2 protein chains.
Amino acid sequence: MKPPQNPVHGCTEAAQNGRDIARMKDEMNKFHGPEGSCEAVSDMLSRIGDKWTVLIVSYLGNGPMRFNELKRGIGNISQKMLTSTLRNLERDGLISRTVTPTRPPSVEYALTEMGHCLLVPVSNLAAWAVDNRERIAAARSSYDARTPE
Amino acid sequence: MKPPQNPVHGCTEAAQNGRDIARMKDEMNKFHGPEGSCEAVSDMLSRIGDKWTVLIVSYLGNGPMRFNELKRGIGNISQKMLTSTLRNLERDGLISRTVTPTRPPSVEYALTEMGHCLLVPVSNLAAWAVDNRERIAAARSSYDARTPE
DNA sequence: CGGCATCCTGCGGGATACTG
DNA sequence: CAGTATCCCGCAGGATGCCG
């Protein structure tokens, strides 16, 4: 029996008010506490939060892809950004780059084990974003409605 | 019996290769599929991935705080960025702003229920970042060592 | 104390053109 | 096909100064 579909993101204000919050605080304290790790987290989040990283990682979650395959899939990304984002991901050990010297040569990108690993928390966050999209939209229009007074 | 300390981030290549990956793919597909939600996720991630949002949210995870309290806690944030990030979070319904009209007035910021809710997936991601910090650092120096050839 | 307004800079990131 | 190189623009975001 594995973690039962756990509703990490459902969070309809019931489930979370107990244990999870406590565990989470611990995480967060170990995270502000020893000065260093805080920066590490901040760092990772700006890497991940950049305009393309998560898109690419999530596309590669469906299996290895070639350069232009990715480009077409994502659609509106420039070669420059695709290249540099892929480079950074490779540098961080999150994806692998395999060149097959045919002519013209083809290059395959794939998630590494660590890349797949990252996909887990990221997809949780993504799920949260999807699930709370409407609430946020509502909060925004509500806020906008009562501020420009 | 609740989710057993689930090793969301430990991911020592064992636990994840089965079900979780599959579930995750589903998440990701529902996420690329219906055109709209993909943007929503991308949006949220750039919000969250910006330089300060997560820091602030995580500080507020320890309880309500006042403006300068936050500023001191974080340390190197400018007033401008603190103000605007707080404003955005308030607009999105993730934090509340309460003015107590003493003199000089004091303003308290606190996470809303949705804010706490966000903290859960975020702390998972943070945990991942902490746990994989060294592997990433290693990957980077390895990469840097063999590229500038 | 908790802000807004202003000025100024760096760099993220798009468009375009050229190579192996 | 899979890049590299160059140019150029916008805006995130720091520094500084003023207000209730």
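Since the structure is predicted, the reported quantities are computational estimates derived from the model, not experimental observations. So that the names make sense, note that chain A is the first sequence line, chain B the second, and so on, each numbered from 1.
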Please lay out, stage by stage, how B:N88 and B:T85 fare under the test side chain to side chain donor-acceptor pair (under 3.5 Å). CA-CA 5 Å; B:N88 287 325; B:T85 308; 5.7 Å; no
For atom CZ of A:R87 and atom C1' of D:dA5, their distance in whole Å: 14 Å
Note: B:W128 and A:C117 closest approach over all heavy atoms is NE1-SG, 3.3 Å
Its 5'-most and 3'-most nucleotides having an atom under 4.0 Å from a non-hydrogen atom of chain A, DNA chain C is contacted over C:dG13 to C:dT16
Please report the end-to-end axis angle for the helix from C:dG2-D:dC19 to C:dG20-D:dC1, five pairs per end, rounded to 10 degrees. 40°
By nearest-heavy-atom nucleotide on DNA chain C, the more 5' of A:N76 and A:P105 is A:N76
Would you confirm whether B:T100, through its side chain, and B:T102, through its main-chain N or O, come within 3.5 Å as a donor-acceptor pair? no
Taking only residues two or more places apart in sequence or in another chain, which ones pass salt bridge (charged side-chain N to carboxylate O under 4.0 Å, His left out) with B:D92? A:R140, B:R47
Indicate whether any N or O donor in one side chain lies under 3.5 Å from an N or O acceptor in the other, for B:D144 and B:S141. no
Answer with base, sugar-phosphate or nothing: what part of the nucleic acid does B:R66 contact at a heavy-atom distance below 4.0 Å? sugar-phosphate
Could you tell me the separation between the CD1 atom of B:I48 and the P atom of D:dA12, rounded to a whole number of Å? 17 Å
Closest-nucleotide 5' rank along DNA chain D - winner of A:P104 and A:T83: A:P104
Nearest-nucleotide comparison on DNA chain C, the residue closer to the 5′ end among B:K80 and B:E69: B:E69
How far does OH of A:Y59 sit from CD1 of A:I74, to the nearest 0.5 angstrom? 6.5 Å
